[in-house]
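Report on the structure given below.
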Amino acid sequence: MKFLDRNGLASLLAELSGEYDLYAPQEIDGALVLRRLGPTKEPLEVAWNEHRLREPLKSLWFQSAKVVAQWGQEPGEEPAPPRPRAVIGAKACDLRALEIIDKVFADHEFPEPAWCAARNCNLIITGDCTGAAETCFCTMLGGHPHPESLFDLNFSPVKGGYLVDVGSEKGKQLLEANEKLFEQAPRGLTAARDATREEVRTALAVS
């Protein structure tokens with residue numbers, strides 16, 4: 001288990017902003033919303049979202065209006081590949097939604113090419129829920145307020161920073177490429193994370 005302090009996260013996001021169109025929670029007019037950050041070499045600060053944001057992640061990889069074909073296009077002419085996008089702060093329920101959308105657009109004989117191209121080059125850094133909104137109900141559907149799969153890296157807030165779980169080969173490569181920012185998790189933080197997760201599950205059960 002790795003540990004990333006808050007300054008390390010700010011530096012990591014700055015690195016990502018050069019390679020990806022980076023989207024992360026920002027506080028605007030008292031509300032947290034998903035906004036693009038960077039590119040920059042300066043450390044990037046993000047606001048931690050206790051639970052999922054209002055914006056669906058689908059909009060990052062599937063545009064509501066897009067040219068998919070043009071009359072007179074030369075045979076063999078391919079559209080420009082999508083620019084890689086990274087999202088920070090996605091939650092477990094966001095991933096469940098993406099899993100369902102993948103079944104519609106990708107996991108069958110006739111995949112939707114624009115969706116697949118965008119999804120194949122994305123990066124998803126998720127986070128544990130540290131609170132529950134009145135509208136949250138993931139445990140009623142057999143889910144948990146923390147991701148267990150379908151992410152590249154997951155951040156669990158603990159004292160001083162975040163515990164980091166690796167969920168994919170892409171996430172492993174990202175961690176290795178920025179290993180100077182990470183350290184071995186101090187003793188006791190895993191138990192603290194698990195206690196926080198249980199508190200959120202309990203809050204969901206009584207909400």
Side-chain angles (χ1 to χ4, degrees), residues 2-64 82-99 101 118-133 136 138 145-168 170-182 193 196 200:
K2 293 294 186 178
F3 174 79
L4 180 68
D5 65 28
R6 291 186 174 87
N7 291 332
L9 175 59
S11 298
L12 177 65
L13 296 184
E15 288 293 325
L16 291 177
S17 73
E19 182 178 354
Y20 294 90
D21 287 345
L22 179 65
Y23 291 81
Q26 294 288 288
E27 185 171 348
I28 298 177
D29 296 330
L32 287 180
V33 293
L34 200 61
R35 289 291 183 269
R36 185 182 173 189
L37 305 181
T40 180
K41 290 296 184 181
E42 297 299 320
L44 284 169
E45 298 291 341
V46 298
W48 182 263
N49 49 316
E50 290 191 336
H51 43 74
R52 76 172 298 272
L53 302 174
R54 289 174 290 182
E55 295 99 331
L57 297 189
K58 174 184 175 181
S59 61
L60 293 181
W61 300 296
F62 192 81
Q63 297 173 329
S64 58
R83 177 161 168 79
R85 290 185 171 184
V87 59
I88 314 299
K91 302 302 185 184
C93 51
D94 289 315
L95 301 183
R96 292 286 293 271
L98 287 179
E99 185 179 21
I101 297 170
R119 286 281 280 131
N120 288 339
C121 65
N122 68 202
L123 180 74
I124 299 178
I125 297 181
T126 55
D128 287 12
C129 289
T130 53
C136 289
C138 64
H146 57 269
E148 297 182 298
S149 62
L150 305 177
F151 59 85
D152 296 304
L153 292 178
N154 182 66
F155 293 159
S156 303
V158 291
K159 183 178 180 180
Y162 308 89
L163 285 182
V164 181
D165 283 307
V166 176
S168 72
K170 188 183 297 185
K172 179 182 177 183
Q173 292 173 1
L174 175 61
L175 190 149
E176 291 174 347
N178 296 274
E179 60 180 350
K180 65 182 182 298
L181 300 176
F182 297 85
R193 178 203 65 183
T196 299
V200 178

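Heads up: numbering here begins at 1 and tracks the sequence.
- Considering every non-hydrogen atom in both Pro145 and Cys138, the closest pair reads N-SG, 3.8 Å.
- Summarising the geometry, atom CG belonging to Leu4 is positioned 9.5 Å from atom CG belonging to Leu153; distances are rounded to the nearest 0.5 Å.
- More than 12 heavy atoms of other residues, nucleotides or ligands sit less than 6.0 Å from atom NZ of Lys180.
- Of all non-hydrogen atoms in Ala90 and Leu57, the two that sit nearest each other are CB-CD1, 3.6 Å.
- Remark: Asp152 CG to Leu174 CG distance equals 8.0 Å, nearest 0.5 Å.
- When the ring pair (Phe, Tyr, Trp, His ring centres under 6.0 Å) test is applied to Phe155, the partners found at least two apart in sequence or on another chain are Tyr162.
- Here side-chain hydrogen bond (donor to acceptor under 3.5 Å, both in side chains) pairs that include residues 50-59, with residues two or more places apart or in two chains, are Arg52-Asp94.
- Residue Pro147 comes nearest to Leu95 through the heavy atom pair CB-CD1, 3.9 Å, listed as atom of the first residue, atom of the second, then distance.
- Across every non-hydrogen atom of Cys121 and Pro84, the tightest pair is O-CB, 3.3 Å.
- Val166 is listed as a side-chain neighbour of Leu175, based on a closest heavy-atom distance under 4.5 Å.
- Across Ser17 and Leu22, no two heavy atoms sit closer than the pair CB-CD2, 4.1 Å.
- A search for side-chain contact (heavy atoms from CB on, under 4.5 Å) contacts involving Val158 returns Phe3, Leu163, Leu189, Arg193, not counting sequence neighbours.
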Self-check item: Derivation of the side-chain contact (heavy atoms from CB on, under 4.5 Å) call for Leu16 and Leu123
Solution: CA-CA 10 Å; Leu16 291 177; Leu123 180 74; 3.8 Å; yes
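- Between Val46 and Leu9, the shortest heavy-atom contact is CG2-CD2, 4.4 Å.
- Counted within 6.0 Å of CD on Glu176, heavy atoms from surrounding residues, nucleotides or ligands total more than 12; the atom is thus considered enclosed.
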Exercise. Show your reasoning for whether side-chain contact (heavy atoms from CB on, under 4.5 Å) applies to Ile124 and Leu98.
Key: CA-CA 11 Å; Ile124 299 178; Leu98 287 179; 3.9 Å; yes
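- Within the structure, every pair that satisfies the side-chain hydrogen bond (donor to acceptor under 3.5 Å, both in side chains) test and touches residues 122-131, not counting sequence neighbours, is listed here: Trp48-Thr130, Arg119-Asn122, Thr126-Asn154, Asp128-Asn154, Asp128-Ser156, Asp128-Arg197.
- By the side-chain contact (heavy atoms from CB on, under 4.5 Å) test, Pro56 pairs with no residue at all, sequence neighbours left out.
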Considering only distance and modelled atom types, tabulate donor-acceptor pairs under 3.5 Å from the side chains of residues 23-42, sequence neighbours left out.
{"from": "Gln26", "atom 1": "NE2", "to": "Glu45", "atom 2": "O", "distance (Å)": "3.2"}
{"from": "Arg36", "atom 1": "NH2", "to": "Asp21", "atom 2": "OD1", "distance (Å)": "2.7"}
{"from": "Thr40", "atom 1": "OG1", "to": "Glu42", "atom 2": "N", "distance (Å)": "3.0"}

